[in-house]
Structure formats: C-alpha cells, structure tokens
Amino acid sequence: MTIAGEADAGRGFSRLPERAETVAILVAVLVGWEVLARTLLAGSFALAAPTQVAAQLAQNWPLYATNVQVTLWTALKGFAIGNAVAVVAAVLIVQWPALERPVFSAALAIYSLPIIALAPILMVLLDRPDAMVALSALAVIFTTMVAAVLGLRSADPAALEVVHVLGGSGRDKLIRVRLQSALPSLFAGLKIAAPASVLGATVGEFMGAERGLGVLITGALASLETTRVWSVAVLATALSGGGYVLVGWIGAWLTPWVHGLEISQAATRGGAGAGPGLLRTGATIAISLVVVFGGWALFIRLAGLNAFFAKGPGDVWAFLFTEPDAAANRALVFGGLLVTLGNAGLGFVAGMAGGTLAAIVFVLRPSVERGVMPIAITLRSIPILATTPLVILLLGRTLAATTVIVAILSFFPTMINMVTAMRLTRRQIVEVLHVMNASRLTILWRAELPSALPALMASARIAVPASILGAVIIEWLVTGVGMGNAILAGVYNADYAVLWAVAAILTLIAMATYGLVSVAERAVLRRYAPEQLA
Amino acid sequence: MRQRPPATVDAATAGAPADEGIRLARLRKIFEGRGAPLLALEDVSIATRRGAFTSIIGPSGCGKSTILRMLADLDAPTFGTVTAHGKTPRELRRASKLGIVFQEPALLPWRTVRSNIELAVQVTGLAVPARTCDDLIALVGLDGFERTRPAELSGGMRQRVAIARALVTSPEVLLLDEPFGALDEMTRRRLNLELLRIWSEQAATTLLVTHSIEEAAFLSDTVVVMSPRPGRILAEVEVDFPRPRKEALLRTPSFHALTDRLSELLAGGGDDDRG
C-alpha cells in the first residue's frame with residue numbers, strides 16, 4: 001500500500017475494480033441480511049428478509065404508494081418552507097450583523113425544541129396537515145441556516161473588495177459574489193435537510209394522522225407485522241436517502257467549480273464559525289433567554305389561541321411552582337428530566353465513541369470504506385423508527401436498547417464527519433510522516449486523529465439536541481419513562497401545561513448544552529485548527 | 001565551471017562505490033489517471049557524489065518534483081531505478097535515513113515549535129540527544145520560540161521549523177522540494193545562507209528542486225536543467241565556487257555569468273552546447 005495509491009483513491013478516480021468492490025459489498029450486505037432473517041432471526045419478529053419486503057411491497061403497492069405520496073408531499077412542503085426561512089434568516093444575519101445574536105438564538109431554540117413534545121401542541125393549534133408540514137419545516141431551519149451563513153461568509157474577501165472598488169453596494173456584493181460563494185456550503189446543509197424533513201414529517205404522522213408512512217409503521221408495530229414494519233422502513237429510508245442523493249446531484253450540477261470533498265468539508269465545519277463565537281458571553285445567554293421567552297409569550301398573545309391549549313411562560317411557571325399540585329408536577333417533569341438526560345447522555349457517548357471507532361477502521365481500511373460508506377451515507381438518514389423494532393426485539397425494553405437507539409442518531413453523522421476530516425489531513429503532513437518511516441497507526445495517532453478533533457466537536461455540538469430528542473422519542477414510544485412519560489401523561493390527561501413545560505425545559509437544556517459544547521469546541525479549535533477561528 | 005553531457009549510467013551496475021550519492025538510471029514515469037496517459041519523465045539519468053548538493057531546475061510540470069518524490073518513496077518510476085547510497089528509497093526510509101522539506105511547512109498546528117521538531121525523533125524512534133534539538137533550534141535562529149505554536153510564527157519561521165525537523169535525525173539524504181518557494185525574496189536569501197551554514201555541518205547528500213536559478217546556483221555543486229514535459233535532462237552544470245560561500249558571491253560577475261548561462265539553458269538556448 002503506497003501513499004501515492006491512497007492519494008489517488010482519496011481524489012476519487014473511479015476505477016472499475018473499486019466499483020466492483022462496492023457492488024460486491026452491497027450484495028454481501030443484502031445476502032447477509034436475507035440469511036440472517038431466514039435463519040438466526042427467523043420467527044423473532046425482529047427482521048424481515050429483503051425478498052419478503054420486496055414481495056410485501058409488490059403485493060400491496062397501491063396502499064404503500066398512497067402513503068408514500070402523503071409523506072413525500074408533507075416533507076417537500078416542509079423542506080421548501082423551512083429552507084426558505086433559513087436562507088432568509090442567513091441573509092439577514094450576514095447583511096445586518098446586529099441581527100446575528102437574536103436570529104441565531106431563535107433558530108437554535110427551534111433546533112432544540114423537542115418536536116415530540118411540540119407535535120401534540122401544534123396538532124391542536126393548526127390543521128393536522130399543516131401541523132405535519134410545520135414539524136417538517138422546523139426540523140431543517142437551524143442546520144440550513146448555519147450552512148448558509150457559513151457559505152455567505154466564505155466569499156473571497158478579494159472578490160468582495162473588487163466589487164467594492166468598482167462602486168458596488170452591499171446588495172451588489174450579495175447578488176454577484178456572496179450568493180454564488182454560498183452555494184457549496186448551502187447545498188451541504190440542504191443535503192442534511194432532505195432526510196431531516198422526512199423525519200419531521202414521519203414523527204408528526206406518528207403522533208396522530210390519517211395517512212402517511214408514520215401511520216403505517218405505528219399500525220404495523222402495534223400488530224407485530226415485521227414485514228410491514230421493514231417495508232415502511234425501507235420506503236422511508238429510500239425517501240430520505242433519495243432526497244439526500246438528489247440534492248447532492250443538484251448541488252454538484254449547480255456548482256461545477258467545486259469538488260466533492262470541499263462540500264463535505266463545509267459540512268464538517270458546519271457552524272464552527274457561526275456558533276461558538278456567539279454563545280460565549282453572558283450577554284448572549286441573556287439575549288437567548290429574551291428571544292425564547294419573549295418569542296413564546298408574544299406567540300401566545302398575538303395568535304389569540306384558546307387558553308386551554310396555549311400556555312405561556314407564566315402558565316408554565318405557575319404549573320411548576322405556584323399551583324397547589326406544583327410539587328407533584330415538578331416530580332413528574334424534573335424526575336423525568338433526570339431519567340431522560342441519563343438516557344440521552346449514555347446514547348450520546350456511545351454514538352460518538354462508536355462513530356469515531358468506525359471512522360478509524362474506515363481510514364485504516366479504505367476498501368471497507370468504499371463498500372460501506374455509500375450504505376452509511378444512506379443510513380445516516382435512516383428513520384429512528386426503522387431501527388427501533390429491531391433493537392427492542394434484540395435487547396428488550398432496556399436501558400441498553402435505549403442507548404443503542406439514541407447512539408445510532410449520533411453514530412452516522414459522527415462517523416461521516418470524522419472520516420472526511422481525517423481524509424482532509426494535509427497531504428504533506430502525512431507525506432512527511434511517511435518519509436520519517438512512520439507506521440500507519442502512528443500517522444493516525446499523531447496527525448489524522450488530532451486533525452479530526454474539530455470535526456468531532458462539531459459533531460458533538462449537533463448531536464446533543466438530537467440525542468435528547470431521540471431519548472424522548474424512545475421513552476414516549478417504547479419505554480414509557482422520563483420526559484416521554486410526561487408527554488404521554490400530558491396527552492392522556494389533556495393537560496397541556498405539562499407539554500409546554502416539557503418543551504420549554506428540554507429546549508433550555510438542549511440550548512445550554514449546545515452552548516457548553518460550543519465553548520469546548522472553541523478551545524479545541526484554538527489549539528488544533530487556529531485557522532478556523534479567523 | 002564546466003558543463004558535461006547528461007550522465008548515462010548502466011542500471012545493471014551492482015555494488016555501489018563508497019562515494020556514490022543519488023543515482024537515477026533511465027527513469028521514465030507515466031501517470032495514468034482519467035484520460036490519456038501522461039508521459040512525465042523520459043530517460044532521466046543522474047549520478048551524484050555522496051555528500052554533494054544537487055539542484056534540479058526546470059519549468060513547471062517538468063517532473064522535477066516527481067523525481068524528488070521517487071527518492072522519498074512517495075512515488076515509483078514506471079521504468080528505471082532510483083537509489084541513493086546504493087540503497088532503494090524504501091530501504092532508506094525504513095532505516096529512517098531520509099529528511100524532507102516541502103514548500104508548505106506541513107507543521108502540526110497543535111504542537112509547539114520544539115514539539116514539532118521532536119516529532120521526527122518520536123516517529124523514527126532514533127536516539128537523538130535532547131541537546132541536538134536545542135542546538136538545531138539555535139542554528140535555525142528560533143531561540144525563545146520553543147514553546148510557540150505555528151499559527152503565531154511568520155512564514156519564514158515556520159519553514160525554519162520544517163528544516164530543523166528534517167535535520168534533527170541527521171538524515172543521510174536530504175530532499176528539499178521548493179522549500180523557500182512561498183517566501184519573499186529577502187527571506188529566501190537569508191534562509192539560503194542559513195541553509196548552507198547548517199548543511200555544511202551535516203554530511204547529507206542533498207537534492208533541491210527549485211524554480212529559482214539564483215538559489216540553485218548559490219547552493220549547489222551541480223545544477224541539473226530539465227526540459228518542459230516530458231521532462232528530460234538538458235544539461236548538468238557543475239558549480240565550483242569555493243565553499244563556504246558568502247552572500248557577496250551573489251554580486252560577483254562569475255556568479256552572474258553562471259545564472260545567465262542557466263537561464264539560456266532553461267530557455268532552450270543550450271542546444272549548441274550539447275554533445
């Protein structure tokens with residue numbers, strides 16, 4: 001294995017043997033899946049074989065097609081609306097820097113909102129279909145906004161100065177330089193947004209809808225129809241993965257001057273420049289709190305909503321601290337919070353560690369990566385619902401099962417970010433080490449892993465809210481503990497104050513944790529990638 | 001200075017003489033990527049003495065960096081053999097006898113100056129006394145910056161760190177790929193002087209790839225002039241200015257005569273002098 005050969009592989013020369021290897025590994029995965037389903041796990045209700053899934057889909061195609069259409073339409077609308085909002089917010093931030101803190105805080109609050117707690121509230125406040133679209137839109141705003149801000153700011157300063165010297169206005173700079181420069185990073189964000197919008201839509205359907213993939217999977221889960229569960233899972237994965245690939249193609253077509261790795265790089269760095277600097281000071285925390293609570297109170301007041309469903313910050317305060325039942329309410333919510341944080345924390349750590357280990361294996365064994373990575377990129381968009389039945393059936397309704405399911409959420413993004421970052425280790429550093437007769441492991445340990453630390457921190461920052469959300473979804477769907485249990489109780493008793501309290505507390509916790517990780521990330525960047533702080 | 005036709009070496013000669021330095025025998029390199037195969041080097045043969053300082057100059061894309069990368073075991077010839085001190089590049093690398101400096105300093109941003117230099121010691125596992133490291137830091141003029149990180153250094157200082165890192169293990173063969181190419185002219189001259197001073201203290205057989213005629217003429221025992229792609233050797237020019245060379249040499253008529261001569265050769269005006 002020569003360095004030269006690896007460099008070629010990294011640059012993505014497509015060669016026939018590599019293609020063949022990729023296909024071979026894909027086939028191996030399918031065959032392994034089939035064999036596993038037919039032998040070891042046969043009759044366990046955990047796994048359906050690919051052939052069974054195919055037969056199921058063929059036999060009942062009209063049913064699946066109708067429901068795919070519903071989910072697809074919801075996700076498309078959510079994708080369009082959410083990303084439009086995100087791009088407008090990004091332009092506002094870049095053109096009027098004074099708006100940066102409030103707009104960023106609002107977007108982060110939206111990202112931290114647990115959609116599972118939000119869903120029942122939105123369903124009574126909006127029409128059902130609109131509520132689904134809203135959930136789908138909310139799922140994409142933050143990541144796209146961060147990517148767009150990063151892109152708009154990546155414009156070549158010299159090009160901006162040329163426009164300035166030619167007498168161009170701020171708008172000229174935006175239209176002629178910034179928007180084009182933003183495209184690679186924006187599309188990296190949109191790629192992630194595609195599966196996210198599908199996830200948002202299915203979670204909404206899950207909580208109560210008439211049609212859609214989320215509805216099908218709940219029904220199939222309840223009646224233990226494994227083949228139907230897996231059929232829906234395959235369709236949902238196809239929707240997410242298809243969206244991911246399609247957006248990637250459109251992006252590549254629109255930005256022929258950019259190479260694939262650079263796009264991934266933008267995704268890896270996602271928000272390093274935007275986030276950490278913002279959340280450092282007490283002032284920023286204060287602004288975030290004002291934005292969240294002010295926005296919340298204003299929303300309740302202006303929307304003129306039914307007071308039975310719509311609770312403001314004051315109502316939640318009363319619910320938790322001044323009502324006669326406040327002590328019991330606190331026990332429910334804060335007791336649940338501890339459980340949820342434990343579940344989320346364990347899964348988060350396991351996912352980050354697993355993702356890092358997998359990335360190391362891939363970097364050491366590029367042939368494994370070439371075969372598995374396309375699958376992994378598709379699976380990064382795997383709906384959490386699809387993996388749940390398998391894990392629950394294998395591990396039971398245990399802490400281990402919750403940990404695994406939450407870990408899967410951070411596993412794929414971490415792995416992909418880490419592989420990309422390690423590959424982007426400066427080639428000449430690797431070559432210098434090679435000339436020094438460094439072993440493969442030495443190069444990994446001394447150069448590639450440290451180079452990827454910033455990517456690890458960026459992954460952690462994004463994974464924190466995702467882990468909390470994942471833990472709540474599992475608690476709500478399967479284990480009936482923690483904040484998920486509080487949501488169940490709220491919905492069951494039609495006690496909307498519980499739901500608002502859960503949403504508010506989880507949002508604040510996720511934002512605070514995001515801020516803490518950002519501070520740590522900044523410290524890591526200062527040492528390991530000072531150029532990214534400039 | 002004398003000029004002699006390109007050396008032709010019999011690749012089959014076994015048992016290297018004791019004073020043999022770098023030996024390239026009938027090298028040919030074809031790059032195969034997408035599209036048509038690219039002939040980068042054609043029939044390149046060079047033989048240098050042990051401990052000699054040799055430079056290769058030539059237009060961009062003439063394959064001079066490829067030659068250096070072959071000596072570094074980062075690339076392999078399509079045809080022909082590459083040895084130094086009678087060993088293959090891989091043998092030299094495995095024995096930790098190579099030192100390399102690229103145009104980019106390629107420092108690890110999280111390590112301090114000292115720690116970046118010590119990286120070579122840690123990776124090669126050679127027993128290098130701590131004093132060697134201190135001496136080198138002083139030799140490249142970085143006293144007081146031992147605990148500084150690369151981001152806080154100027155481009156010239158970073159490149160000094162890269163040079164110290166290449167030298168700390170006292171390599172037998174030193175490979176320099178445009179080491180000062182990214183620096184301004186003033187810094188470049190100063191570093192050239194320092195490089196000569198440091199080089200004279202170590203006995204490394206050195207190959208420098210550069211765009212700068214002046215740099216090649218000032219530093220080298222032999223300057224190899226290459227043609228545009230496919231890279232061939234146009235001429236080998238021996239430089240016999242006495243050492244140690246001082247900056248004043250740059251202003252002498254004989255130095256200017258040499259650089260003019262090399263410019264002509266590069267421009268293709270050297271045909272009448274060959275054969």
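Chain naming here is simple, since letters A, B, ... match the order of the sequence lines and numbering starts at 1 in each.
Checked against salt bridge (Lys or Arg N to Asp or Glu O under 4.0 Å), B:E178 has no partners two or more places apart in sequence or in another chain. Taking A:S451 as the reference, nothing meets the side-chain hydrogen bond (donor to acceptor under 3.5 Å, both in side chains) condition, with sequence neighbours excluded.
Across A:E431 and B:F102, no two heavy atoms sit closer than the pair OE1-CZ, 3.2 Å. Considering every non-hydrogen atom in both B:A106 and A:V432, the closest pair reads CB-CG2, 4.3 Å. In terms of heavy-atom proximity, A:M436 sits nearest to B:S96 at O-OG, 4.0 Å. For the pair B:L108 and A:R446, the tightest heavy-atom approach, listed with the atom from each and the gap, is CD1-O, 3.7 Å. Heavy atoms only, all atoms of each residue included: A:Y528 and B:P109 are closest at O-CG, 3.6 Å.
Judged by distance alone, the side chain of A:H434 and the main-chain N or O of B:D73 form a donor-acceptor pair under 3.5 Å.
Looking at A:R427 and B:E104, their side chains never come closer than 4.5 Å, going by heavy atoms from C-beta outward. The closest side-chain heavy-atom distance from B:V123 to A:N437 is not below 4.5 Å. With a 4.5 Å cut-off on side-chain heavy atoms, A:V435 and B:L175 do not count as touching.
The residue among B:R149, B:Q103, B:K97 with the most heavy atom pairs within less than 4.5 Å of chain A is B:R149.
For B:L92, no part sits under 4.5 Å from any heavy atom of chain A, backbone or side chain. Proximity to chain A involves both the backbone and the side chain of B:R94, based on heavy atoms less than 4.5 angstrom apart.
Residue A:R426 qualifies as open at atom CZ: its count of foreign heavy atoms under 6.0 Å is 12 or below.
Interatomic distance, OG1 of A:T442 versus CD of B:Q122, reported as 10.5 Å (0.5 Å rounding).
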